[in-house]
J.: 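Got a structure for you, written out below as structure tokens; questions coming shortly.
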Protein chains: 4
Amino acid sequence: MAKGRERILDAADELFGELGFDATATRQIAELCGVNKALIHYHFDTKERLFHAVLERYYGRLEQVLVPLAAGEGPVPERMAGLVDGYVDFLRDNHRFSRMLQREIASGRHVEQIVAHMVPAFGVGVATVEAAFPATRGGDLAAPHLLVSFFGMVVTWFAYAPVVRGLLGVDPLAPEQLEAHKRHLLRMLDLVVDALDEDE
Amino acid sequence: MAKGRERILDAADELFGELGFDATATRQIAELCGVNKALIHYHFDTKERLFHAVLERYYGRLEQVLVPLAAGEGPVPERMAGLVDGYVDFLRDNHRFSRMLQREIASGRHVEQIVAHMVPAFGVGVATVEAAFPATRGGDLAAPHLLVSFFGMVVTWFAYAPVVRGLLGVDPLAPEQLEAHKRHLLRMLDLVVDALDEDE
Amino acid sequence: MAKGRERILDAADELFGELGFDATATRQIAELCGVNKALIHYHFDTKERLFHAVLERYYGRLEQVLVPLAAGEGPVPERMAGLVDGYVDFLRDNHRFSRMLQREIASGRHVEQIVAHMVPAFGVGVATVEAAFPATRGGDLAAPHLLVSFFGMVVTWFAYAPVVRGLLGVDPLAPEQLEAHKRHLLRMLDLVVDALDEDE
Amino acid sequence: MAKGRERILDAADELFGELGFDATATRQIAELCGVNKALIHYHFDTKERLFHAVLERYYGRLEQVLVPLAAGEGPVPERMAGLVDGYVDFLRDNHRFSRMLQREIASGRHVEQIVAHMVPAFGVGVATVEAAFPATRGGDLAAPHLLVSFFGMVVTWFAYAPVVRGLLGVDPLAPEQLEAHKRHLLRMLDLVVDALDEDE
DNA sequence: GATGAATGAGCGTTCATTCAT
DNA sequence: AATGAATGAACGCTCATTCAT
């Protein structure tokens with residue numbers, strides 16, 4: 001059975017994502033999913049470990065989406081575009097994930113867990129880009145900077161949704177806006193790939 | 001007089017920046033600057049308003065730095081580069097500011113205050129870019145997307161410092177790393193400006 | 001179970017009755033009955049609601065005593081005397097109740113709750129007196145004034161116990177003094193009933 | 001000058017009377033009369049002594065009203081009626097006084113001060129009644145009981161104003177209601193005096 | 001006479017956690 | 001697997017009071 005466990009995870013996901021780790025009380029989680037507060041500790045021991053489990057569930061889903069895209073057989077620039085595309089779609093379908101990430105990273109907490117998941121992905125990314133464009137190693141478009149910049153461009157659009165909404169007057173998470181931003185990101189990628197090709 | 005007020009602001013800045021709003025207790029702030037807990041409430045009324053005052057102090061400094069750069073007389077691309085440069089320098093010298101921003105924005109709190117400061121700056125930015133490159137309006141390199149992307153690229157490097165450190169094995173906030181990233185950002189800007197020039 | 005709940009109620013009764021709502025700290029209540037301070041909020045949510053519950057318990061007891069006396073079959077004057085008698089006895093056995101009432105009513109707080117309990121009793125009282133002595137309606141011995149006066153005479157003896165003690169040099173709550181005052185009240189009632197009979 | 005002293009007393013009177021001793025903060029008093037909080041302590045030392053001064057001012061006024069009425073030359077029953085009349089008028093013109101009294105007496109605080117003022121008045125009252133109606137000494141209409149009862153009847157009407165308002169649906173402190181209650185009290189006094197005359 | 005700054009003690013309340021059942 | 005009762009620690013905040021000016 002263990003139906004309670006999943007319901008707790010869902011409620012914790014919602015509240016941690018919406019309010020943040022500190023601002024979420026275990027009492028709220030228990031109330032939201034209709035179980036006793038003590039049951040949370042029975043299943044997850046501490047609030048910290050419950051948060052860990054929520055993050056872990058997200059990373060499981062994310063890797064299921066990104067690994068096939070990264071491991072594809074096509075040319076590198078197309079796979080990079082596919083990853084940007086897939087990552088935007090994933091954040092759109094898991095809109096609380098990016099906010100959770102931003103908050104906790106900036107808080108310096110749970111960073112080990114996040115880094116542990118990012119390091120292998122990042123390693124593969126750097127290796128792939130450097131294999132495709134060996135001349136750029138160490139240049140202004142070196143793989144590590146590129147990856148961080150694209151990661152930043154994608155995630156900022158989601159994490160800053162409330163700010164962007166206030167600035168542009170439209171909902172940055174609405175489908176047409178997301179598509180527009182995706183086209184923008186792919187164009188940026190094009191510019192970079194063209195520059196890398198020239199450097200070659 | 002009012003020496004206590006400044007000392008409280010300094011301590012609040014440090015703790016809010018390091019731990020976040022929720023994870024910082026007024027008791028900690030009082031202990032850090034050696035004043036009585038009640039004095040915080042005497043000067044700032046609530047913890048919320050103290051945080052507000054800390055942010056406000058940062059925005060005061062930031063505007064003092066950015067406004068002259070934005071209002072310069074030179075060609076637009078050079079002013080854009082100057083702004084990227086100045087913003088990176090500001091975040092380097094106020095390394096807690098970007099983390100505070102990331103956290104609170106992602107938490108959806110204090111967003112009104114942040115937006116209130118960003119809107120005018122953003123408005124000027126969009127108008128300036130569109131005046132310099134009128135053909136791009138509405139395209140994949142439209143001013144709003146560009147601004148958000150560059151803002152995201154700059155701030156991510158700082159806010160994700162702990163992650164980047166774990167990934168690269170070097171301190172991303174060390175002078176040489178910051179310079180390298182600045183060159184990367186300026187190169188990205190070059191690519192965009194070139195593309196905009198071609199579109200013209 | 002729920003042994004703690006009753007012990008908290010008892011301790012709250014004692015301290016609210018002795019010191020008043022404002023002058024009683026939840027910490028004191030917890031210490032008096034040997035439970036943790038947080039348990040009070042677990043069972044009663046707020047200090048306000050705890051006070052409410054204490055009052056409610058008193059009204060439950062009071063109604064159990066007075067309703068049978070009021071609903072008796074005998075002649076009205078005898079039932080009035082019975083009520084004075086029963087009310088004095090009740091206040092003697094629940095000596096903190098009248099002080100709590102005086103204080104909170106005079107403070108204008110919890111008045112809704114008190115009025116909610118008094119209104120039906122008062123309504124029955126007025127109707128009964130007016131049915132027995134119809135000619136007095138609107139006169140100087142009109143039922144509402146009479147009821148307030150007798151209520152005032154009874155309760156003042158208890159609520160002003162410390163003053164009366166200082167004035168008379170004897171304990172007004174000692175059995176013989178209470179009996180003397182009860183005889184006084186019944187004599188006052190006699191005078192009124194005789195006057196009402198004459199007016200008829 | 002000492003203008004500040006009087007303004008503090010007025011503000012303290014209003015707030016103590018309306019909210020009670022505990023529920024009134026010195027900060028509120030200072031804000032209400034527009035002086036600095038520390039000035040209260042400069043003039044009155046402690047909150048306790050400030051309350052004492054407020055009460056003292058009331059007793060000064062009350063004695064100025066009642067002493068001439070009690071010391072009159074006419075027959076005792078008429079002087080008793082005059083006292084009831086004068087006391088009702090005084091409480092009407094100083095409507096916060098009775099609430100303050102009820103509250104603090106029931107709280108058992110400031111009782112020494114109150115008793116100190118009541119004892120001489122009470123002594124004179126008892127002596128006068130016993131001189132006029134010597135046969136009643138120790139009976140059911142003995143002077144102490146009578147005085148407490150009439151004091152209770154008068155003051156209850158004022159102190160229980162919120163309750164009476166909820167019960168009767170009219171404002172018990174409105175002029176016509178006060179007059180009606182005064183007539184009621186004088187009628188009660190008549191009944192007692194007639195009974196005392198018969199006992200003679 | 002009057003003030004702004006500062007304090008120590010205490011407030012009601014909430015927290016994550018534990019435990020017996 | 002699940003619960004109601006209970007706890008110790010900490011929370012933001014308010015209090016009457018003090019003090020230097």
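Letters A, B, ... mirror the listed sequences (proteins, then strands); counts begin at 1. When reading the values below, keep in mind they use all heavy atoms of this one structure, side chains included, and skip hydrogens, waters and symmetry mates.
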J.: Does His43(B) have a side-chain nitrogen or oxygen under 4.0 Å from the phosphate oxygens OP1 or OP2 of dG4(E)?
T.: no

J.: Starting from P on dC11(F), measure out to CG on Leu19(B) and report it in whole angstrom.
T.: 11 Å

J.: Between CD1 of Ile29(A) and CZ of Phe44(A), what distance do you get to the nearest 0.5 Å?
T.: 9.5 Å

J.: Can any side-chain N or O of Arg99(D) pair as donor or acceptor with the backbone N or O of Gly20(D) at less than 3.5 Å?
T.: no

J.: Please identify which of these residues, Arg49(C), Gln113(C), Arg61(C), meets the side-chain hydrogen bond (donor to acceptor under 3.5 Å, both in side chains) condition with Glu56(C).
T.: Gln113(C)

J.: State which residue, out of Thr26(B), Leu39(B), Asp13(B), fulfils the side-chain contact (heavy atoms from CB on, under 4.5 Å) condition with Ile8(B).
T.: Leu39(B)

J.: Can you measure Tyr42(C) atom OH to dA5(F) atom C1' for me and round it to whole angstrom units?
T.: 5 Å

J.: CD1 of Ile8(D) versus P of dT3(E): gap in Å, rounded?
T.: 9 Å

J.: Would you say that Arg96(C) contacts Val54(C) through its side chain, given a criterion of any heavy-atom pair below 4.5 Å between the two side chains?
T.: no

J.: How many Å lie between CG on Leu39(D) and P on dT3(E), as a whole number?
T.: 6 Å

J.: Compute the bend angle of the helix from dA2(E)-dT21(F) to dT21(E)-dA2(F) from the end axes (five pairs per end), rounded to 10°.
T.: 20°

J.: Check whether any side-chain heavy atom of Gln28(D) sits under 4.5 Å from a side-chain heavy atom of Leu19(D), and report yes or no.
T.: yes

J.: Starting at CD of Glu31(D) and ending at P of dT14(F), how long is that distance when rounded to a whole Å?
T.: 11 Å

J.: What one-letter contact string describes nucleotides 15-21 of chain F from 5' to 3', where B marks a base within less than 4.0 Å of any protein heavy atom, S marks contact via sugar-phosphate atoms alone, and - marks no contact?
T.: BBBBB--

J.: Rounded to whole Å, how long is the line connecting atom CZ of Arg5(D) with atom C1' of dA2(E)?
T.: 15 Å

J.: Between atom CD in Glu6(C) and atom C1' in dA6(F), what is the gap in whole Å?
T.: 17 Å

J.: I'd like to check Val155(A) versus Leu101(A) (side-chain heavy atoms, cut-off strictly below 4.5 Å). Are they in contact?
T.: no

J.: Will you find, in the side chains of Tyr42(D) and Asn36(D), an N or O donor that is under 3.5 Å from an N or O acceptor?
T.: no

J.: Looking at Tyr58(D), Phe16(D), Phe51(D), which one forms a ring pair (Phe, Tyr, Trp, His ring centres under 6.0 Å) with His110(D)?
T.: Phe51(D)

